[in-house]
J.: 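My questions will all concern the structure given below.
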Amino acid sequence: MDRKWTFWFVTGSQNLYGPETLAQVDEDGRRIAAGLDASAHLPFRIVPKPVLTSAEEIRRLVLDANSDDDCAGLVVFMHTFSPSKMWITGLDRLDKPYCHLHTQFNREIPDLGIDMDFMNLHQSAHGDREHGFIGARLRMSRKIIAGYWEDETVLRRLGDWMRVAVGAVAGQSLRVMRFGDNMREVAVTEGDKVEAQRKLGWQVNTWAPGELARRVDAVGSADIDRTMNEYVSMYDIATEDLDSVRYQARIECAMEAMLREHGCEAFSATFEDLSGMRQLPGLATQRLMGKGFGFAGEGDWKTAALMRVMKIIGGEGGGGTSFMEDYTYDLTPGRELVLGAHMLEVCPSIAAGRPRIEVHPLGIGDREPPARLVFEGHPGSAVLASLIDMGGRMRLIVQDIEAVEPVYKMPNLPVARIMWKPMPDLMTGAEAWITAGGAHHTVLSFDVSAEQLRDWARIQQIEFVHIDADTRPERLERELFLSDLAWKLG
Ligand code: MN
């Protein structure tokens, strides 16, 4: 799943200034690139490119970036004025994420040192405006970051965007393995897979649950023993029914082998189509999510793929990213909270403590009681994200939430759970979510910000809706109405 992603640092100029000035521009660009590359806030390498001064050089650089599988984006800065007509042919062909870093080489104006030569050399305040125009004129999907290149805020924001860019570019080769179709009659998990592949790159295909069942039966005892040893080292075994736990270890080994054989980084299953399997994958699915795979239940390939992308964007954030469902409310006045869980499948990356393995009957389906990880989620600021198909376009809905320590022990609830306060409050937030058409299936992440998801939606050219502390229902309704018109026109 890992690749050595790089970002190309591109400095723009023109030939008007003469070779000496251009040599200085080139050197300054390289120093900025080296400074960025040395920052701990940037998760991937920055590669400096020679200063660009002509349409042909720019076109060539863009074509090279497009065809370089390791290049996840361009970070572009106009040290001097760089007339933008020379950028049109190149930028029109760019299919990598693009960040316009509006900075300048010097932090301060040298009081005695500034003369006309200095002004001509250090004029990104001027040149980046010309460059901004052509980005707007070409309707480019751009990230714009303004600020001094050594400032921590700038470095942090650039680092966050780089993760998003990698999530988008990695999506171009993301494969999703579906075992079975959607849960019967469910609408929100449907969607246009052709459009998803065109817009997001996701390849969504199906594999027979019967093949998985055969692979599960064929897993050898050595693999099961090795997996059981991992369980013992990582979790408390809170059941006597080790046979059920071993069966989930079987499922985990078989599923992971199939996913890796086919290069799939996300998957979905459905309790309505388990073929010859004795249990719904519970613990097995939780473990695979913990290893970084994307997942969503009941055939929901959109949420599964979105979760994988958010795992990539979140990186080693440490807070965790999980498949999630809104389940039940606590409507105590002044303390309204959502209880989030799923039948089984919550990712242990969001656990507050050491999970327990338990075995309990499942209320639905007709299989044996499945083993599962049971734990409480940890508190903290997080987001919920839902990707829906509006017919002709995808809409990404993101809500800010504050996860809290569960206010109830819930000793008889046999699944992993987490409680949160949605922004701006439960009732307004729920009304906004329902108005926007957000699903009951979401991805919950402590490691990905709403700004990052907005950046991702912009790169992918899909609709973005944000529900935050300032959301007002009437404003949101108008925003959705206007957005719908715009997307229909587009
Ligand atoms: Mn569900």
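All values reported here derive from a predicted model rather than from experimental measurement. Along the sequence shown, residues carry numbers from 1. Order of appearance sets the numbers: ligands from 1, and atoms from 1 within every ligand.
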J.: With the Mn ion (ligand 1) at the apex, how many degrees lie between NE2 of His342 and NE2 of His441, rounded to 10 degrees?
T.: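 Rounding to the nearest 10 degrees gives 110°.
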J.: For this output row, return yes or no: ring centroids of Trp8 and Tyr98 closer than 6.0 angstrom.
T.: no
J.: Could you identify the N, O or S atom of Glu325 positioned closest to the Mn ion (ligand 1)?
T.: OE2
J.: Got a sec: is His440 within less than 2.8 Å of the Mn ion (ligand 1) via an N/O/S atom?
T.: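 Looking at His440, which is the residue asked about, there is no N, O or S atom under 2.8 Å from the Mn ion (ligand 1).
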J.: Taking the side chain as everything from C-beta on, heavy atoms only, tell me whether Gln460 gets closer than 4.5 Å to Lys199.
T.: no
J.: Which N, O or S atom name in Glu298 marks its closest approach to the Mn ion (ligand 1)?
T.: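 Within Glu298, restricted to N, O or S, the Mn ion (ligand 1) is closest to atom OE1.
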J.: Go through it in stages, so that I can follow the logic: the residues are Phe446 and His378, the test is ring-ring contact (aromatic ring centres under 6.0 Å, His included), and I'd like the CA-CA distance, side-chain angles, deciding distance and then a yes or no.
T.: CA-CA 10 Å; Phe446 291 93; His378 66 81; 4.0 Å; yes
J.: Return yes if a side-chain donor-acceptor contact under 3.5 Å exists between Thr332 and Arg335, otherwise no.
T.: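 The answer is yes; a qualifying pair exists.
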